[in-house]
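Notes to accompany the following structure.
Since the structure is predicted, the reported quantities are computational estimates derived from the model, not experimental observations.
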Amino acid sequence: MAVDNALSSPLGPPACEKDAKALQFIEEITRNTDSVQEDVLAKILIQNADVEYLKRFNLDGATDRETFKSKLPMIRYEDLQPEIQRIANGDRSSILSTHPISEFLTSSGTSAGERKLMPTIKQELDRRQLLYSLLMPVMNLYVPGLDEGKGLYFLFVKSETRTPGGLLARPVLTSYYKSDHFKTRPYDPYNVYTSPNEAILCADSFQSMYTQMLCGLLEREQVLRVGAVFASGLLRAIRFLQLHWRELADDIKSGMLNKEITDPSVKDCMVKILKPNPKLAEFVRMECSKENWEGIITRIWPNTKYLDVIVTGAMAQYIPTLDYYSGGLPLACTMYASSECYFGLNLNPMCKPSEVCYTIMPNMAYFEFLPHDPAGFTHDSTPKLVDLADVELGKEYELVITTYAGLYRYQVGDILRVTGFHNSAPQFHFVRRKNVLLSIDSDKTDEAELQKAVENASQHLREFNTSVVEYTSYADTKTIPGHYVIYWELLVKDSANSPSDEVLNQCCLAMEECLNSVYRQGRVADCSIGPLEIRVVKNGTFEELMDYAISRGASINQYKVPRCVNFTPIMELLDSRVVSKHFSPALPYWTPERRR
């Protein structure tokens with residue numbers, strides 16, 4: 001479609017008039033970052049002027065930044081937990097927001113082992129939808145012709161529950177997929193999926209994955225992009241194909257759906273889609289039966305132009321495996337979002353994963369930034385927070401947000417580095433989640449949780465007069481799904497009564513039982529995390545580890561055993577000292593219901 005030159009964007013020539021308007025919007029709000037931010041804060045404070053939380057700090061109707069910053073403290077989730085618990089228990093007064101809290105979005109971060117509950121209001125769906133609407137106009141600048149095919153995206157809903165007061169509690173993407181914004185979205189030739197809504201909304205993860213994979217195979221030549229939310233999710237889809245290609249090929253050949261697919265809406269939907277296609281079935285058999293799966297994505301879906309997955313932060317560990325299965329296709333990271341708030345988008349989505357940076361959209365919330373020293377030194381006990389327009393190039397910050405839904409000066413826990421600016425809006429590289437030690441999928445395990453899990457498991461060793469001398473860990477992503485590996489050095493005081501393999505296997509399960517609900521859901525319901533593994537190493541291994549660190553310049557006085565390792569020489573040292581390996585023999589306990 002020809003586009004009026006008057007609507008052209010500095011970002012590049014838009015693909016259509018609709019794209020031109022979206023790109024123009026991005027230009028306008030990023031040119032006026034500070035004034036947009038000032039306006040957003042004023043709107044939030046006017047909208048919520050009468051809420052209990054703000055009245056506590058005597059704002060007295062003030063909407064300016066100076067008063068807001070001088071009177072409201074910076075907070076973490078635990079500071080807000082009493083108010084959130086009241087809302088969860090059914091208190092409908094204006095505690096955090098004038099607008100009614102419509103549901104809770106469950107964060108992948110946890111507090112006391114349970115998912116955090118993030119309050120949200122119905123109006124937030126419009127803001128999220130706005131950010132989604134900007135993704136394809138930007139992508140179309142870099143990849144032409146996406147309106148000529150479809151996207152094979154593996155999208156899933158997860159379990160939801162209700163709080164004692166009756167409010168839904170569920171992940172942000174489950175909330176979005178179940179909303180009318182997604183289910184009744186208008187047709188957009190640039191954003192057509194192979195997966196029908198019925199398959200995406202199917203609560204059974206096997207049936208959902210099977211049906212989405214089947215639809216992707218049926219339309220293999222129309223697929224122009226393949227994606228999932230996280231890199232780990234796309235690799236699980238590839239593993240699923242490895243395990244189930246025979247059944248999928250049978251369905252394609254016969255035109256009859258696998259009897260394991262019992263969801264009525266999925267069955268009704270697939271009757272209209274699935275027709276006998278022996279030629280395609282034979283192709284699937286031929287490709288999938290080969291021992292070498294290198295480049296399988298482009299072999300099955302030959303017109304794929306890129307993979308759309310998050311490969312920043314903990315997901316970067318999956319890049320080599322994605323490259324192997326895709327033959328080195330570009331990896332596009334398009335947006336930056338969380339349960340607390342949707343933040344911004346990548347204006348150069350086809351860049352290298354190491355160069356991904358996100359432009360914060362100043363209309364989404366009010367953003368502040370807590371200076372962060374990568375070396376860990378804190379020079380000021382009360383550091384001054386910096387506004388979005390005032391961050392400095394090259395410096396690192398922790399993100400702090402104030403939202404329409406009732407989070408005020410809330411520390412998200414993300415560490416970001418300023419890499420540049422688009423107009424006056426800063427662009428950030430996601431460095432890491434604060435305090436996260438291990439992560440395979442959406443799980444986030446910190447050092448305190450790991451320590452508690454080791455202590456819990458080591459109780460099984462007491463009757464054998466054995467104890468854990470030292471330990472460290474790493475997230476093994478070479479397996480699909482990935483799994484936690486814990487290295488233990490044991491002190492066995494009576495070799496005639498040392499713990500058996502079965503006891504050490506039970507130690508693995510005991511550790512899992514002690515980890516947070518997000519980890520246990522990944523193990524039980526989502527099948528996104530494999531069984532935890534304990535590798536017992538020879539006595540003296542951790543002394544060798546210290547010697548190695550000192551040989552590389554570490555101070556013997558300040559040396560501490562790292563609780564997580566990923567440096568190849570250290571991994572090789574540890575693995576060369578392993579004397580036995582043990583795996584969790586069963587699934588840990590998990591239920592969608594929250595602990596009371």
Side-chain angles (χ1 to χ4, degrees), residues 142-143 151-156 194 209-210 212-213 216-217 220-221 223-246 248-249 283-334 346 349-356 430 438-443 474-485 522 526-531 533 565-572 575:
Y142 295 88
V143 185
L152 168 53
Y153 281 76
F154 296 97
L155 308 175
F156 303 93
T194 57
M209 177 74 87
Y210 190 96
Q212 293 190 59
M213 184 63 76
L217 292 171
R220 59 177 291 266
E221 293 185 353
V223 170
L224 300 182
R225 51 203 172 106
V226 176
V229 178
F230 293 116
S232 55
L234 183 53
L235 290 176
R236 282 202 310 280
I238 298 302
R239 179 60 179 160
F240 188 91
L241 181 60
Q242 285 181 319
L243 295 173
H244 299 286
W245 61 262
R246 293 174 183 84
L248 290 158
F283 170 80
V284 171
R285 281 200 181 94
M286 182 182 69
E287 286 298 332
C288 294
S289 62
K290 293 176 182 175
E291 190 174 334
N292 183 2
W293 272 53
E294 185 173 1
I296 192 67
I297 292 175
T298 46
R299 281 156 48 190
I300 298 284
W301 297 284
N303 299 314
T304 308
K305 299 185 178 187
Y306 65 91
L307 304 184
D308 189 347
V309 285
I310 294 172
V311 289
T312 51
M315 290 296 123
Q317 60 196 333
Y318 296 104
I319 292 170
T321 314
L322 286 172
D323 287 343
Y324 174 81
Y325 285 124
S326 73
L329 281 174
L331 303 172
C333 290
T334 56
N346 182 1
M350 301 303 281
C351 66
K352 295 177 182 177
S354 60
E355 297 172 359
V356 169
F430 180 91
L438 292 168
S439 179
I440 293 291
D441 189 51
S442 57
D443 54 300
Y474 90 102
D476 185 352
T477 57
K478 292 186 177 68
T479 59
I480 300 175
H483 70 291
Y484 288 8
V485 175
D526 303 337
C527 302
S528 59
I529 304 171
E533 177 184 2
V565 294
N566 53 24
F567 184 47
T568 301
I570 290 178
M571 308 287 297
E572 290 173 347
D575 281 330

So which heavy atom on [X] is nearest to which on [Y], and how close?
X: Y318; Y: A231; result: CB-CB, 3.8 Å
X: P353; Y: L331; result: CG-CD1, 3.9 Å
X: A249; Y: V284; result: CB-CG1, 4.3 Å
X: M213; Y: A237; result: CE-O, 3.1 Å
X: G530; Y: H483; result: O-CB, 3.5 Å
X: D323; Y: L329; result: OD1-O, 4.4 Å

Can you name the residues that form a side chain to side chain donor-acceptor pair (under 3.5 Å) with N566, not counting sequence neighbours? none
Euclidean distance, [Y] [atom2] relative to [X] [atom1], rounded to 0.5 Å:
X: D441; Y: C527; atom1: CG; atom2: SG; value: 11.0 Å
X: L248; Y: Y210; atom1: CG; atom2: OH; value: 4.0 Å
X: S326; Y: W301; atom1: OG; atom2: CH2; value: 12.0 Å
X: T568; Y: D575; atom1: OG1; atom2: CG; value: 10.5 Å
X: Y306; Y: R225; atom1: OH; atom2: CZ; value: 4.5 Å
X: T479; Y: I529; atom1: OG1; atom2: CD1; value: 11.0 Å

Take I300 and F283 through the test side-chain contact (heavy atoms from CB on, under 4.5 Å) and record every step on the way to the result. CA-CA 9 Å; I300 298 284; F283 170 80; 4.2 Å; yes
Answer yes or no: is there a side-chain heavy-atom contact under 4.5 Å between [X] and [Y]?
X: F430; Y: V356; answer: no
X: N303; Y: V223; answer: no
X: L152; Y: T304; answer: no
X: T334; Y: N346; answer: no

Do R236 and F156 meet the cation-pi criteria used here (NZ or CZ under 6.0 Å from the six-membered ring centre, within 45° of the axis)?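 Because its charged atom misses either the 6.0 Å distance or the 45° angle limit, R236 does not stack over F156.
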Would I480 and Y325 satisfy side-chain contact (heavy atoms from CB on, under 4.5 Å), going step by step from the backbone distance to the final call? CA-CA 13 Å; I480 300 175; Y325 285 124; 4.0 Å; yes
Please assess L241 against L217 for the test side-chain contact (heavy atoms from CB on, under 4.5 Å), listing each intermediate value before the final yes or no. CA-CA 10 Å; L241 181 60; L217 292 171; 4.3 Å; yes
Any sub-3.5 Å donor-acceptor pair from [X]'s side-chain atoms to [Y]'s backbone N or O?
X: Q212; Y: L155; value: yes
X: W293; Y: C288; value: yes
X: T298; Y: P302; value: no
X: D476; Y: K478; value: yes

Let's go through T477 and T321 carefully: what are the C-alpha distance in whole Å and the side-chain angles of both, what is the deciding distance for side-chain contact (heavy atoms from CB on, under 4.5 Å) to 0.1 Å, and is it a yes or a no? CA-CA 9 Å; T477 57; T321 314; 5.7 Å; no
Within residues 297-307 or reaching into it, pairs that qualify as salt bridge (Lys or Arg N to Asp or Glu O under 4.0 Å) - sequence neighbours excluded: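 Counting only pairs at least two positions apart or across chains, the salt bridge (Lys or Arg N to Asp or Glu O under 4.0 Å) contacts touching residues 297-307 are E287-R299.
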Flag if over 12 foreign heavy atoms under 6.0 Å of NZ, K352: no
